[in-house]
Amino acid sequence: KMHQLIDKKKKIYFYVLFLLFLSSISNLKLNTYKENILNVKKIDIKGLSESLNNEINQSLNYLINKNIFLIDKNRIVKILDQYKYLDSYIISKKLPSNLEINLKITTPVAITIKNGEKQFLGNNGKFISKNIFKNVKPLPNIFGNFNPKDFFIFIEQLKNNDFDIEQINEYYFFYNGRWDVKYINGTIIKFPKNNLPKSIKIAKKIMDDQNEKKRIIDLRVPNQVIVSND
C-alpha cells in the first residue's frame, strides 16, 4: 500500500507539472496573439493624388508589423516634413492595427528661381521644386534672394492697404532689403527699405487717382515721390 501511495503521488505531481506546462504554452500563445493583433497591418494615406499617396506610403512602409502603441510619431513627422509640398497632416491610430494619415497639400503662391532651378513658393513658406500642382491660376514671379517670411509680411502689408495683389505679376527683392512690384498693366512701384507702411499708403493713394498717369511710382527717396509715365 505504501508503494501504491508513492506511485499515486508521483502521478499527481506529473499531472500538475503537465498542466502548468500546458498553461505556460497557452499563455505564450495568447500573449503572442495579443502582440500580433496590435501590429500595424495597413497604412491609409489620404488627401493627395494616388501617385503622391503611394510615394509617401512607401516611405512609411517600415511601420508594417510594428506595435501600434510603440510607434514613434516624431519619426513619422520627420519623414513627412521632407515632403515640402505638404501643408499639414493628421496622424491617427485606428485600433487594433490600422494607421491613418490625412494630408493637405500646400497652395502655390508664386514662382521663383533658386540655384538655377524653377521652384514654387508654397503658402507653407517652403520652396518646392517638384511640379505637382494642377489647375493652378497664373502665379506671379519673384526675383532676388528673398526670405519667404519677409515676402509674406510684405504681401500682408499690401493686403491691409487694399492693394489688388492679383494684378501684380512680378516682385523684385533687392540685397538692401527693399521691394519693387510690377503690375500686369506695366505699372512699377519702387518701395523704400525704411518707412514701408507709410510708403504703401502713399502708393495706394496714387494708384487710386484716376487722373494721375503713372508708369513708375518711385518712393525710394525719403519725403519725395516721383511719378513717371515713361
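For reference, positions follow the sequence shown, starting with 1.
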Exercise: identify the closest heavy-atom pair between [X] and [Y]:
X      : Y      : value
Gln157 : Ile200 : CB-CD1, 3.6 Å
Asn169 : Lys182 : OD1-O, 2.8 Å
Tyr183 : Asp164 : CE2-O, 4.0 Å
Gln82  : Lys78  : CG-O, 3.4 Å
Ile91  : Lys73  : O-NZ, 3.4 Å
Ala203 : Leu219 : CB-CD1, 3.7 Å

### Task
Would you mind listing every ring pair (Phe, Tyr, Trp, His ring centres under 6.0 Å) that reaches into residues 121-140, with sequence neighbours excluded?
Phe120-Phe133, Phe127-Phe146
### Query
Which ring pair (Phe, Tyr, Trp, His ring centres under 6.0 Å) pairs, counting each pair once, include a residue from residues 38-66, with sequence neighbours left out?
none
If you round to the nearest 0.5 Å, how far is [atom2] of [Y] from [atom1] of [X]?
X      : Y      : atom1 : atom2 : value
Asn74  : Asp81  : CG    : CG    : 10.5 Å
Ile56  : Ile76  : CD1   : CD1   : 12.5 Å
Leu196 : Lys201 : CG    : NZ    : 11.0 Å
Leu95  : Leu99  : CG    : CG    : 10.5 Å
Ile45  : Gln58  : CD1   : CD    : 11.0 Å
Lys114 : Leu121 : NZ    : CG    : 10.0 Å

#### Entry: Verdict with reasoning, Ile71 to Leu63, per side-chain contact (heavy atoms from CB on, under 4.5 Å)
CA-CA 8 Å; Ile71 287 175; Leu63 293 168; 4.0 Å; yes
Quick one: does [X]'s side chain get under 4.5 Å of [Y]'s, heavy atoms only?
X      : Y      : value
Asp218 : Ser228 : no
Asn194 : Pro222 : no
Ile206 : Val227 : yes
Pro192 : Arg178 : no
Ile101 : Leu60  : yes
Val40  : Ser97  : no
Tyr89  : Tyr83  : no
Leu103 : Leu52  : no

So for atom [atom1], which belongs to [X], do other residues, nucleotides or ligands contribute more than 12 heavy atoms lying within a distance under 6.0 Å?
X      : atom1 : value
Asn61  : CG    : yes
Lys205 : NZ    : no
Lys126 : NZ    : yes
Gln224 : CD    : yes

Salt bridge or not for [X] and [Y], using N-O below 4.0 Å?
X      : Y      : value
Asp208 : Lys204 : yes
Lys42  : Asp44  : yes
Lys190 : Asp180 : yes
Glu166 : Lys137 : yes

## Note on the structure
From the list Asn102, Asn54, Ile105, side-chain contact (heavy atoms from CB on, under 4.5 Å) with Leu48 holds only for Ile105
Linking I/L/V/M/F/W/Y whenever any side-chain heavy atoms sit under 4.5 Å apart, do [X] and [Y] land together?
X      : Y      : answer
Ile226 : Met207 : no
Ile168 : Ile113 : no
Ile64  : Leu80  : yes
Val181 : Ile165 : yes
Ile142 : Ile153 : no

#### Entry: Distance-only side-chain donor-acceptor flag, Tyr172 / Asn141, under 3.5 Å
no
Hey, does the side chain of [X] reach the backbone of [Y] with a donor-acceptor pair shorter than 3.5 angstrom?
X      : Y      : value
Asn147 : Lys149 : yes
Lys46  : Glu100 : no
Asn98  : Lys94  : no
Thr106 : Gly122 : no
Ser199 : Asn195 : yes

### Ring-ring centroid check Tyr171 Phe151, cutoff 6.0 Å
yes
### Between Trp179 and Phe191, ring centroids under 6.0 Å
no
### For Phe174, ring pair (Phe, Tyr, Trp, His ring centres under 6.0 Å) partners two or more places apart
none
